[in-house]
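Below: the structure, in structure tokens.
Just so you know, these numbers come straight off a predicted model, no measurement behind them. Both counts, for ligands and for their atoms, begin at 1 and track the order of listing.
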Amino acid sequence: MAANDGGTDGSMPVADDLIVVSNRQPYTHSYEHDDEGERRITVNRPAGGLTAGLDPVMQETDGTWVAWGDGEADADVTDENDEVRMPPETGAYILRRIWLSEEEVEGYYYGYSNRVLWPLCHGGTMKAEYVERYWQRYQQVNDRFADAIAASASNDPLVWFQDYHFALAPRMVRDALEDPFVMHFWHITWPGWDTFRACPQGEQLLEGLLGNDLLGFHVERYSENFLDCVDRALDDAFIDEDGHRINYDGHTTTVRAFPLGIDAGSIRESSEAADPSTEADLRSVYDIGSETTMIVGVDRLDYTKGIVERLEALERLWETEPDYRGTVTYVQKASESRSLIPDYQDLQRDVRESIERINDRFGTDDWEPVVYIADFVPQEELCALYRYSDVMLVSAVRDGMNLVAKEYVAAQVDDDGVLILSDQAGAHEELGEHALTINPYDTESFADAIVRALTMDPGERRNRMAALREQVESHDLYAWMDEVFATARDLREQRDHDGG
Ligand code: ADQ
């Protein structure tokens with residue numbers, strides 16, 4: 001299909017019975033009080049990204065979406081099967097909600113998912129906390145999701161898991177249903193064996209994931225790491241490395257790279273709509289001088305994003321290049337996440353202290369070197385920030401893909417921005433050639449790269465950015481979905497052919 005037209009091409013029925021499974025749900029219900037103090041229930045819609053992209057696919061297929069019901073009013077609108085039809089206007093598909101107790105949220109979500117799998121997969125073996133209760137709750141919640149999927153499935157289902165919250169459920173679903181097609185997209189990095197072997201539950205995780213027919217990662221390297229981990233951990237697994245197939249326990253799993261894209265068309269349109277008055281508003285609201293050059297960073301506050309390393313490079317820049325004092329402002333848009341976890345509280349403190357230190361050291365009455373935006377900004381404002389920033393800093397110390405880098409590129413409708421990109425982000429595979437590459441730990445070279453970006457001649461900027469935009473637009477979210485579904489269809493046909 002053509003990129004950017006907001007859906008699959010219709011020639012390929014995605015599935016007779018598509019069941020998407022994710023931790024976060026596409027719609028949440030909450031309470032609102034009107035002017036008379038009357039309580040009403042409101043629906044919050046998908047804000048963007050993959051969830052927003054999958055929503056129209058679900059509407060086309062009349063499928064079921066299974067997810068954790070974490071909205072305060074969610075239970076008030078579901079039926080006796082914990083289901084509600086969404087979107088509210090058309091009721092085109094079923095949202096089936098899983099209720100989690102506080103203990104389950106603590107153990108499955110904050111515990112095993114985010115204090116074990118997240119650090120482990122990003123190479124942080126020292127940060128992983130192997131608490132027995134986390135593992136038990138992770139198993140329990142995977143089991144509960146698998147039960148709900150089995151109860152929702154009718155004939156010949158295609159079950160599609162999203163992410164690291166569900167490493168065990170694919171095998172559970174395979175055991176519960178007769179010949180389902182199960183696939184999984186793992187949104188974060190998969191580590192090398194020398195890291196993965198530290199995990200006490202490693203074999204069970206691999207066995208769970210080998211319940212899939214198709215397992216997708218962002219880049220080839222993560223697929224290879226996964227194959228290597230299976231090879232070393234499971235004696236009975238047979239690996240066909242050329243075909244990226246694993247045979248284990250009588251079942252074949254195909255492992256492939258599908259680099260996720262963004263809805264580039266929507267970002268481009270929002271960016272085009274952000275005229276110079278939007279830039280002026282932005283500068284005035286955040287007190288950014290009208291003459292200063294803006295450098296931008298946009299991140300969820302996570303220790304994988306290299307925010308402290310980035311601030312060190314900026315500090316080095318202002319220290320060694322005094323001309324940039326008063327003339328260059330760094331705008332950090334950040335959103336807090338997982339704040340109940342101590343490592344995330346530490347990071348928030350470190351980021352705050354770094355910014356205070358830099359602003360105290362270099363700031364003047366007229367100029368604040370680092371402007372921190374904690375508020376939620378809608379897509380139009382985010383795109384204005386991208387468009388009117390001359391340089392974007394993506395300095396992840398490890399990142400499965402990093403969609404922010406792609407969003408910045410898609411928003412460069414004037415082709416005049418420069419992307420500085422860490423070679424530790426999956427996005428570097430596609431964008432590294434035309435971005436300026438950095439190692440986030442090499443402060444000196446990182447600061448040099450910022451100088452290079454700020455002094456790059458307009459012709460080179462345009463050439464680099466045009467090439468990046470072409471890549472991001474032609475490999476967008478819809479092209480990605482088409483490729484995943486086309487691969488699933490081929491594998492199902494092959495299976496039916498072999499079986500019959
Ligand atoms: P994340 O770690 O959340 O995702 P990323 O891909 O950079 O990382 O961001 C996801 C989205 O959140 C982007 O659309 C971005 O605009 C939005 N976002 C982030 N910070 C924001 C902020 N401060 N304000 C507004 N919006 C913000 C995980 C993996 C990534 C992988 C994605 C998708 O860690 O490697 O790219 O899943 O697979």
Side-chain angles (χ1 to χ4, degrees), residues 22-24 46-54 113-114 117-124 160-165 184-191 216-219 221-222 257-264 266-267 270-271 282 286 296-307 310 330-339 344 347-348 351 371-387 389 392-411 419 421-431 472 475-477 480-481 484:
S22 62
N23 177 60
R24 290 273 172 222
L50 178 60
T51 309
L54 271 173
S113 295
N114 286 318
L117 287 175
W118 179 269
L120 176 75
C121 286
H122 289 93
W160 191 13
F161 288 101
Q162 303 296 326
D163 234 344
Y164 58 98
H165 312 91
H184 203 137
F185 191 76
W186 194 264
H187 288 258
I188 60 177
T189 40
W190 189 276
F217 293 97
H218 284 299
V219 304
R221 197 170 57 250
Y222 313 154
F258 299 96
L260 178 58
I262 56 162
D263 187 347
S266 156
I267 300 276
S270 299
S271 180
L282 195 78
Y286 296 111
V296 70
V298 176
D299 311 83
R300 203 166 46 70
L301 272 177
D302 195 289
Y303 51 76
T304 58
K305 304 294 180 186
I307 304 169
R310 190 184 312 163
Y330 174 64
V331 183
Q332 174 69 59
K333 168 80 197 81
S335 50
E336 289 189 2
S337 82
R338 306 176 194 170
S339 300
Y344 286 77
L347 173 78
Q348 289 163 15
V351 168
V371 171
Y372 185 83
I373 307 178
D375 326 329
F376 171 80
V377 295
Q379 179 166 311
E380 288 65 30
E381 198 175 318
L382 189 61
C383 287
L385 188 59
Y386 285 144
R387 178 173 174 184
S389 293
M392 167 92 180
L393 305 183
V394 174
S395 55
V397 292
R398 195 55 57 92
D399 208 336
M401 172 54 76
N402 194 292
L403 297 180
V404 169
K406 294 187 171 182
E407 291 170 1
Y408 177 73
V409 167
L419 174 65
L421 181 58
S422 163
D423 61 2
Q424 300 296 308
H428 192 264
E429 301 279 313
E430 291 167 274
L431 308 182
V472 168
H475 294 79
D476 72 351
L477 173 63
W480 178 84
M481 280 198 285
V484 172

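When the heavy-atom distances from atom 16 (O) of ligand 1 to E407, K305, E381 are ranked, the shortest goes to E407. Of the candidates D299, L301, D163, I262, the one placing a heavy atom closest to atom 20 (N) of ligand 1 is D299. Looking at L260, N402, V298, L50, it is V298 that brings a heavy atom closest to atom 21 (C) of ligand 1. The closest heavy-atom contact to atom 30 (C) of ligand 1, among the options D399, T304, L385, comes from D399. Nearest to atom 33 (C) of ligand 1 by heavy-atom distance, out of K333, H187, Q162, Q379, is H187.
Of all protein heavy atoms, the one lying nearest to atom 19 (C) of ligand 1 is R300 N, 3.8 Å. The nearest heavy-atom contact from the protein to atom 9 (O) of ligand 1 is V404 CG2, 4.1 Å. Counting protein heavy atoms only, atom 22 (C) of ligand 1 is closest to S335 OG, 3.6 Å.
Backbone and side-chain nitrogen or oxygen atoms of M401 are examined, and one is located within less than 3.5 angstrom of a nitrogen or oxygen of ligand 1. The shortest N/O to N/O separation between L382 and ligand 1 does not fall below 3.5 Å. Taking any N or O of L403, backbone or side chain, at least one lies under 3.5 Å from an N or O belonging to ligand 1. For ligand 1, none of its N or O atoms has an N or O atom of W118 under 3.5 Å away.
Side-chain atoms of S389 come within 3.5 Å of backbone N or O of L385 as a donor-acceptor pair. Using modelled atom types, one side-chain atom of H122 and one backbone atom of W118 make a donor-acceptor pair closer than 3.5 Å. When atom types are taken as modelled, the side chain of K406 and the backbone of L260 share a donor-acceptor pair closer than 3.5 angstrom.
Checked against side-chain hydrogen bond (donor to acceptor under 3.5 Å, both in side chains), Q348 has the following partners two or more places apart in sequence or in another chain: S339. Scanning for side chain to side chain contact (heavy atoms under 4.5 Å, CB included) contacts around S337 gives R300, Y344, with sequence neighbours left out.
Shown here, atom 2 (O) of ligand 1 is in close reach of the protein: a heavy atom of it lies under 4.0 Å off.
Closest approach of L50 and Q162 over heavy atoms only: CD2-OE1, 3.3 Å. Considering every non-hydrogen atom in both H165 and S113, the closest pair reads CD2-OG, 3.6 Å. The two residues L347 and Y303 make their nearest non-hydrogen contact at CD2-N, 3.6 Å.
Taking a cut-off of under 4.0 Å to the non-hydrogen atoms of H218, the atoms of ligand 1 that pass are 31 (C), 38 (O). For ligand 1, the atoms sitting less than 4.0 Å from at least one non-hydrogen atom of G400 are 35 (O), numbered in the order shown with element in parentheses.
Of the candidates F185, W480, W186, F185 is the only one forming a ring-ring contact (aromatic ring centres under 6.0 Å, His included) with H218. The side-chain hydrogen bond (donor to acceptor under 3.5 Å, both in side chains) test with D299 singles out one residue from K305, K333, Q332, and that residue is Q332.
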